[in-house]
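FYI, side chains are in, hydrogens and waters are out, and symmetry mates aren't considered; it's all heavy atoms of this structure. Naming convention: chains lettered A, B, ... in sequence-line order (proteins, then strands); numbering from 1 in each chain.
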Protein chains: 2
Amino acid sequence: MVKPSRHSDPSASEGSGRLDDLADLPALRPLPTAAERAAEVIRENIFEGRFAPGTPLPEAALSKALQVSRNTVREAFRMLTSEHLLTYEAHRGVMVRWLSEVDVGDIYRLRRMFELAALDHAIDGRHELDVSAIGDLVTTAERAAAAGRWKEVGTVNLRFHEQIVAAQQSPRINEVFRRLMTEIRLGFLVFTDPAELHGDFVPRNRELHGLIAGGDLRQARAELAIYLDEAEHRITTAIRGSSDRSGRSGRSRKEGQAGV
Amino acid sequence: MVKPSRHSDPSASEGSGRLDDLADLPALRPLPTAAERAAEVIRENIFEGRFAPGTPLPEAALSKALQVSRNTVREAFRMLTSEHLLTYEAHRGVMVRWLSEVDVGDIYRLRRMFELAALDHAIDGRHELDVSAIGDLVTTAERAAAAGRWKEVGTVNLRFHEQIVAAQQSPRINEVFRRLMTEIRLGFLVFTDPAELHGDFVPRNRELHGLIAGGDLRQARAELAIYLDEAEHRITTAIRGSSDRSGRSGRSRKEGQAGV
DNA sequence: CCTAAGACTTTGTTCAACAATCGACCGTAG
DNA sequence: CTACGGTCGATTGTTGAACAAAGTCTTAGG
């Protein structure tokens, strides 16, 4: 069973079990290379709204700001481009990606495929959903919502869906889906009030968890489908609104964005 | 009104319509950066079998061989790693990826999802398959097979499937699928005689095309499902065989491959 | 046989420089 | 006034050398 996990391998339950507890530690972020750290910072700045969609990111400026060399910045850019967070054009550099309505539609098409397939798998008994992990995530989201930490609510909600998809135990599905979840966060940025977006999804996730825990998987699947339709519609509407108001037709040359 | 718009209407038989033909030029292959060219060469060497799976690729050696700087080589490595053709481990560099049976199973799970969904889409009338493009690809494959150019047969066969998937008109599905097709070519490498693998798939693709052209999409879907099962089985078997024979347990440290 | 210290190799990162390309500015011609 | 064409400055693309950090191999010793 080749589980290509970069970090500790879970098969460490043999021999002198003294170190086993250490293996379960949160692994305090190795973040090995400078490029990864740089990418992390840029990513964070994007999701905090400091680097808004459309913002060009010059290599020299980032190099100075992050205190790393230009080569390292370029390396970080490449990572973020492959995550679809930046768009790249030769000799023109990178800019923070604009998520269009078309993009959202495309992302949700993939979400439906992967998430509904996961439920189908569970219905057919091919794999099992991790009910307790799912429940924990809902609880975490509820606590964050109660405390008003809406950004965290959004993040945890996405992990909730990742956990569902993980039931298929497909490394590639997990990877692609994770990237989709990162990308869709660009769509969250158009909401000035995150509560508006995430607020009522928390109780619905709780309901989903209840259905799954109760074994009512068919009902859960139906609910999930509705959930996805509505989420897509809500983000699409928000994007349409914001693109009308703030004239963002400044998309310059050509029509689309390159660099996928 | 001499606005030289790129896509003027076809009524170009008047005035100074002289430039309109230029708009239809094939746009002469950019291949802009040295890193992309380097990646292209390495990719080609992998699929030609000169860089076999498991081969480590030292930066310095490639830098000298390709006549580009080490930084550019690293850039190329990163591209190929994100295509899943190379595996990467910090401070240990990259090596050509081993495709395991588990990988093949995972890839084919995705293939089924995407390809069968494309047929379902066509069945529901949501999108249409490009029958002529599909037919052209089969013809090309037939000609290559007749001439014994089996590597080309494999490539064209993959493009045949890409064309089917393209019916869904989803940029992200296309991208992910294209990457899967690249990756599965690593599985082709275990066949010493490519004809053994690709040979009888060509007539089956012809049959598939016939069914699609005839509008018999349900039958096509069923055939495609069988096709995929058999292809998976054939590659899996070949990998099991080759990993038994040539002791490839030289997978050194740890059990898996990192870097996905 | 196994272990450990040191030598060697390869990767990670930086820096400075130059070439290639892009975008804007600015005259000139119609 | 607008359209065209060239110049210039800024940014990206790429190089080569250099050094630090981590891994691998060799060798000496228990």
Review point. How many angstroms lie between CZ in A:R74 and OG in A:S63, if you round to the nearest 0.5 Å?
Key: 11.5 Å
Review point. How long is the line joining CG of B:L66 and P of D:dG16, in whole Å?
Key: 13 Å
Exercise for review: Please list, chain by chain and in numerical order, all residues satisfying side chain to side chain donor-acceptor pair (under 3.5 Å) with B:E115, sequence neighbours excluded.
Suggested key: B:R111, B:H161
**Study point:** Side chain A:E75, main chain A:A34, donor-acceptor under 3.5 Å
**Key:** no
Point to revise | First encountered from the 5' end of DNA chain C, between A:S63 and B:A60 | key: B:A60
Review point. Atom CE of B:M95 and atom P of C:dT10: how far apart are they, to the nearest Å?
Key: 17 Å
Review point. For the pair made of CE in A:M79 and C1' in C:dG12, what is the distance, rounded to whole Å?
Key: 11 Å
Exercise for review: Please examine the side chains of B:R172 and A:R179, heavy atoms only from C-beta on, and report whether any two atoms are closer than 4.5 Å.
Suggested key: no
Exercise for review: Quick one: list whatever passes side-chain contact (heavy atoms from CB on, under 4.5 Å) with A:D136, sequence neighbours left out.
Suggested key: none
Give every pair of a protein N or O atom and an N or O atom of nucleotides 13-15 of chain D that lie under 3.5 Å apart, one pair per line with the distance.
residue: D:dG13; atom: OP1; partner: A:Y88; partner atom: OH; Å: 2.6
residue: D:dG13; atom: OP1; partner: A:H91; partner atom: N; Å: 3.3
residue: D:dG13; atom: OP2; partner: A:R74; partner atom: NH1; Å: 2.6
residue: D:dG13; atom: OP2; partner: A:R74; partner atom: NH2; Å: 3.4
residue: D:dG13; atom: N7; partner: A:R70; partner atom: NH2; Å: 2.8
residue: D:dG13; atom: O6; partner: A:R70; partner atom: NH1; Å: 3.4
residue: D:dT14; atom: OP1; partner: B:A34; partner atom: N; Å: 2.2
residue: D:dT15; atom: OP2; partner: B:S69; partner atom: N; Å: 3.1
residue: D:dT15; atom: OP2; partner: B:S69; partner atom: OG; Å: 3.2
residue: D:dT15; atom: OP2; partner: B:T72; partner atom: OG1; Å: 2.2

Check your understanding: If you measure from the Lys or Arg side-chain nitrogens to the Asp or Glu carboxylate oxygens, is any gap between B:R43 and B:E40 under 4.0 Å?
Key -> yes
Review point. In whole Å, what is the span from the NZ atom of A:K64 to the P atom of C:dT14?
Key: 16 Å
